[in-house]
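Below: the structure, in structure tokens.
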Amino acid sequence: MKLVVQVRLLPTPEQAAALEATLRAANDAATWVAALAHTQRVFRNYDLRRHVYGQVKDRYGLAAQAAQHVIKKVADAYATLHAHVRNGNLGRPGSARRERVLARPIVFRPGAAQPFDDRCLSWQPDARTVSIWTVGGRMKGVAFTASADQLTLLAAHRKGESDLVCRDGRWFLIATCDLPDVPVRAPDGFVGVDLGIANIATTATATATATGTGDGVRHSGKTLNAVRHRHRELRRRLQAKATKSAKRLLKRRRRKEARFAADLNHTIARRIVTEAARTGRGIALEDLQGIRDRVRLRKPQRVTLHAWSFHQLGHFIAYKAARAGVALVWVDPAYTSQACSACGHVAKNNRPDQETFACTSCGFAEHADVNAARNIAARGETGWAVSHAA
Ligand SMILES: [Zn+2]
């Protein structure tokens, strides 16, 4: 399995200046190549390289490898864009949005990610340093921070290119690790994960257990929602101003909020997977497409944020489960919130309010999210049984 490890660089001011000049040169070159590709209608890596390779090296002071990566980056960006157009993600032919996007060449931000291969970047995990090619020459001993787990991964499994990226003045390297697959253990029952807004994730097994292990655990969204609320308030105040500094501040806050949400999602995913591994259970998750549809029915202005956050949490759980050899099943999320986990009766008025589930047929009552998680766990068990019947 592939795993992405992101480490933060701690460059000295001189090192930071060299990194900044390098990333700027690479992205200026990429923007120039992209403009040329756009006017000449040349988009393939090989063709582009024939056109621009020499000039990219000379005009922007890039080494051979860096120049090749710049050209490939542009070709990849256009390939992605054209795939979006083909799949209709930018609207129908002739739609305003599609025409607007296609009319302009792709532009790369000065801090946009740039790939470095092993010839341009070498890692010293023990010393927690990297040596990296810059426009000012090879730079040795650039320090980075990483957890013990990340260091082990980097030392044993790092492969291929790493991306250098600058966000809000902070420097990161994003490395890819290729790990051997862990065999999935046959699960002893399933824990279902219900995703929501008041409670980000609620876990429960299909039936209540005597010991209650891992049953009906709610991971509250209170702190996250408070952060989001503060951010919304700030946005309301700053949007009235619409100055450049207000926009910059908003952007920084948005990223800070995203980092907070990602950290929280990592913590929740780790807890859910650790508990499933400890109890020998599998994990049942709602199918992501379903989550997006379900959320779309509610508050439209918050949809993208929550859908994105749910998607991320699902992704974190899936890869942590794969690493731990925990079985994972995606289930159809239809009616998981309206169906009774005790008798199966489905009715809208089984939900007298947001928090409560009370079955109008058998009288079973439970927290609404726990009831939904139970249904998801039951569907996980069925899904696993069906796919492993042979
Ligand atoms: Zn019932």
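In this chain, residues are counted from 1 in sequence order. Indexing begins at 1, ligand by ligand and atom by atom, following the structure's order. Every heavy atom of this structure was used, including side-chain atoms; hydrogens, water molecules and symmetry mates were not.
- At least one test fails for Arg351 against the ring of Phe357: distance under 6.0 Å to the centre or angle within 45° of the axis.
- Note that Arg8 lies outside the cation-pi zone of Trp171, set by a 6.0 Å cut-off to the ring centre and a 45° limit from the axis.
- Side-chain contact of His345 with Thr360: a donor-acceptor pair under 3.5 Å is present, judged by distance alone.
- Side chains of Thr31 and Asp28: no donor on one and acceptor on the other come within 3.5 Å.
- Atom-to-atom distance recorded for Ile71:CD1 and Lys57:NZ is 10.0 Å, nearest 0.5 angstrom.
- Only protein atoms were considered; those of element N, O or S under 2.8 Å from the Zn ion (ligand 1) number 4.
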Side-chain polar contacts of residues 134-141 - donor-acceptor pairs under 3.5 angstrom, sequence neighbours left out - could you list them?
from   : atom 1 : to     : atom 2 : distance (Å)
Thr134 : OG1    : Gly136 : N      : 3.1
Thr134 : OG1    : Gly137 : N      : 3.3
Thr134 : OG1    : Gly137 : O      : 2.6
Arg138 : NE     : Ser131 : OG     : 2.9
Arg138 : NH1    : Arg119 : O      : 2.9
Arg138 : NH2    : Ser131 : O      : 3.4
Arg138 : NH2    : Ser131 : OG     : 3.4

